[in-house]
Every structure is written in C-alpha cells, then in structure tokens.
Amino acid sequence: MSYIDLNIPKHIAIIVDGNGRWGTERGLSRSAGHKEGFLNVKRLSKHIFNQGTSYISMYLFSTENFKRDKKEVNYIMNLLVDKLKDILDFAHQEKIKALFSGRLDHLSDKVIQTMNKIVEDTKNYQGKTLNFCFGYGSHAEIIDAAKKIALDYKNNKINLDNLDEDIFNSYLYQELPPVDLLIRTGGEIRLSNFMLWQISYAELYFTKIYFPDFTEKDFDEVLVEYTKRDRRFGGVNNEKESH
Ligand code: IPE
Ligand code: IPE
Ligand code: MG
C-alpha cells in the first residue's frame, strides 16, 4: 500500500474544461476537442476508481452551456446520443453504477429513455458510482430541491422542524456523500455553477492542463497534493497543534 492509499478522497468532482481550446489550438475544431474529452472521461474515471475512489461526478455540460452557438450545442447533444451505448458497455465492463444529473428539459425522449436504461441496468453495481452531470446547474438543482420540499410540506410528508443538512441533501438530484476533492482542468479558477452545496468543504485543485490532455499521471500528482492538505472542517488538528 502506498502512502497515497491512506488518504483517498471518497468523492471526486471534476469540472471538465478546455476541450474546445484543445481542438482549436491544434488547428482542429472545438468538436474534435469534445470528442477527445469524451475518451478521456472513460480513461480517467477507470484510473480514479482503480486508485480507490468510490464516487466521481463529472461536469460535462452546464445549464449555461445552452447559450453557446446552436451548432456546438447540437454537436455535443449528438455526441452524447452516439456515446450512450458506449457508456453502458463501459459501465458493465468496469462494474460501474451510472447516474445522470441535470434538468431534462432540453433532452430528447430518446436520450432520456437511454439514460434511464443505463441507470436501471447498472443500479446494482456497488463500490464505483459515476455521476454524469449533463444539462446540470447547481442553482437549478437547489431550486428543484426547494420545490420538492415545498411540495412534500404541502402534502404533510415533511416536518420542517426536522429539515437538516442530511434531509436537504436527500432532495438533491442524487444522494451522494460530500465532495472531498474538486478538480478543474483548463486554467479557469472558478466553479461555474457546479455542485455548490456538495463542495462546501472540498479541497480545490485547479490545473491549466486541458481536459483531453489530463492524464492518469497528472491525476496521481493531484492525489499526492491532496494527501498534504490539512482538512480541519472548522476544527483544530489536535495532533499538529499544541496550546
Ligand atoms: C468543456 O470544454 C466542456 C463543456 C463545457 C461543454 P469547453 O467547451 O468549455 O472548452 P473551452 O473551455 O472553450 O476550451
Ligand atoms: C464549465 O465550463 C461547465 C462544464 C465544464 C460543463 P465552461 O467552459 O462552461 O465555464 P465558463 O463559461 O468558462 O465559466
Ligand atoms: Mg470552457
């Protein structure tokens, strides 16, 4: 067991960024970058699970990304449709439980049905959960949770005196443990509306590397950095500090 194994983040969230620039800076299209990025989602998640993490949330398309040029949005939507079968095969091969988080408004019935099938077919796998955040926005998720709570309150299904962090968490798109480590590729130092509730005490790691170039080795360097962080959660590390 390496020293890395001693401190493995249980839930890792990744903001997949820099795909478009990866393409254009190679004289290719932004779309080429999206395609390459997708390949890396599989490669990297396989490696991260092998390193002992149990939950990965990947931010692939945001509620705000719908503002982009129609052609780019359509390309990404079609890429997803094309790749859903691939995702199912990958999930079976690696025994991964797949989840999808996001608003479904802009997705076709066929995409929604296929997503549901993937979730249903992989629901019994345990130990590795891959949460694809597609059409996802954290504000939308929190508003949707608030609406569900209001509805349950109206139907006498929830007592407001009992509403605490765990119960609120159960109204989010997925009931997952908090994020321990958030990684953003592509050089921007911002959160862009990703999992704002879930990352309240996450360690943050920003890298300039574009997502399609972010390798297993780059990830291992992040893990080493993570093991050096002192996670205090508002307390004091008694082992290190004397009065
Ligand atoms: C991330 O790559 C994937 C999506 C947000 C869809 P980008 O498409 O944002 O790539 P850059 O940041 O423009 O290079
Ligand atoms: C964040 O990337 C969204 C996803 C990775 C899906 P963006 O490229 O959309 O973020 P901004 O616009 O630079 O903040
Ligand atoms: Mg971007």
Side-chain angles (χ1 to χ4, degrees), residues 11-45 48 55-84 86-87 90 98-108 111-112 115 129-144 172-174 176 179 181-199 202-215 218-219 222:
H11 186 178
I12 296 183
I14 301 182
I15 302 179
V16 167
D17 199 20
N19 290 354
R21 283 165 286 164
W22 183 93
T24 48
E25 287 176 22
R26 276 180 160 65
L28 304 168
S29 58
R30 290 181 57 80
S31 304
H34 291 310
K35 212 169 168 185
E36 193 64 25
F38 179 81
L39 290 176
N40 205 26
V41 166
K42 289 192 292 181
R43 200 160 48 216
L44 200 61
S45 41
I48 295 174
Y55 300 86
I56 304 173
S57 292
M58 288 261 186
Y59 200 16
L60 299 175
F61 195 83
S62 71
T63 43
E64 288 73 26
N65 288 147
F66 283 106
K67 285 184 207 152
R68 292 188 183 189
D69 187 86
K70 244 199 154 102
K71 262 168 105 184
E72 179 165 349
V73 174
N74 281 341
Y75 180 85
I76 296 172
M77 289 294 150
N78 289 333
L79 187 66
L80 177 72
V81 175
D82 258 20
K83 298 298 177 191
L84 282 170
D86 214 26
I87 291 176
F90 173 67
L99 301 172
F100 291 89
S101 297
R103 281 197 179 154
L104 304 175
D105 320 17
H106 297 278
L107 303 180
S108 69
V111 172
I112 296 169
M115 281 177 169
T129 300
L130 182 48
N131 177 27
F132 293 95
C133 300
F134 198 90
Y136 174 89
S138 186
H139 282 182
E141 179 179 37
I142 291 169
I143 289 168
D144 289 348
L172 296 173
Y173 294 145
Q174 315 294 348
L176 299 175
V179 171
L181 171 63
L182 172 101
I183 302 170
R184 180 173 187 145
T185 59
E188 315 299 349
I189 317 283
R190 56 175 168 258
L191 302 171
S192 304
N193 199 16
F194 191 42
M195 295 191 120
L196 302 177
W197 169 274
Q198 296 89 335
I199 62 167
E203 295 300 320
L204 309 181
Y205 188 97
F206 298 93
T207 169
K208 290 200 166 96
I209 302 171
Y210 295 150
F211 185 74
D213 285 334
F214 187 77
T215 62
D218 295 321
F219 173 77
V222 183

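Indexing begins at 1, ligand by ligand and atom by atom, following the structure's order.
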Completion exercise
Paired with Arg30, the salt bridge (charged side-chain N to carboxylate O under 4.0 Å, His left out) test is passed by just one of Glu25, Glu72, Glu36, namely Glu72
Handout entry: Enumerated ligand 2 atoms positioned under 4.0 Å from heavy atoms of Arg184
Key = 1 (C), 2 (O), 10 (O), 11 (P), 13 (O), 14 (O)
Practice task
Determine the interplanar angle of the Phe61 and Phe66 rings, folded into 0 to 90°, and report it as parallel if under 30°, tilted if 30 to 60°, perpendicular if over 60°.
Solution key: perpendicular
Handout entry: N/O donor-acceptor pair under 3.5 Å between Asn40 side chain and Phe211 backbone
Key = yes
Exercise for the section: Look at the side chain of Asp213 and the backbone N and O of Ile209, then say whether any donor-acceptor pair between them is shorter than 3.5 Å. Expected result: no
Problem - Ring centers of Phe100, Phe134 separated by less than 6.0 Å - result: no
Problem - Asn131 side chain vs Tyr55 backbone, donor-acceptor pair below 3.5 Å - result: no
Handout entry: Per-ligand residue contacts, ligand 1, heavy-atom threshold under 4.0 Å
Key = Val16, Asp17, Gly18, Asn19, Gly20, Arg21, Arg30, His34, Leu60, Phe61, Asn65, Arg68, Glu72, Ile76
Handout entry: Side-chain heavy-atom pair Gln198, Leu176 within 4.5 angstrom cut-off
Key = no
Completion exercise
One finds that the ligand 2 atoms under 4.0 Å from a non-hydrogen atom of Arg190 are 11 (P), 13 (O), 14 (O)
Problem - Near the Mg ion (ligand 3) (under 2.8 Å) - protein N, O or S atoms - result: Asp17 OD1
Exercise for the section: Decide yes or no on salt bridge (Lys or Arg N to Asp or Glu O under 4.0 Å) for Glu64 and Arg190, but give the supporting numbers first. Expected result: CA-CA 14 Å; Glu64 288 73 26; Arg190 56 175 168 258; over 6 Å; no
Handout entry: Any donor-acceptor N/O pair, Tyr59 side chain to Ser192 backbone, under 3.5 Å
Key = yes
Handout entry: Any side-chain donor near an acceptor of the partner, Asp144 and Tyr173, under 3.5 Å
Key = yes
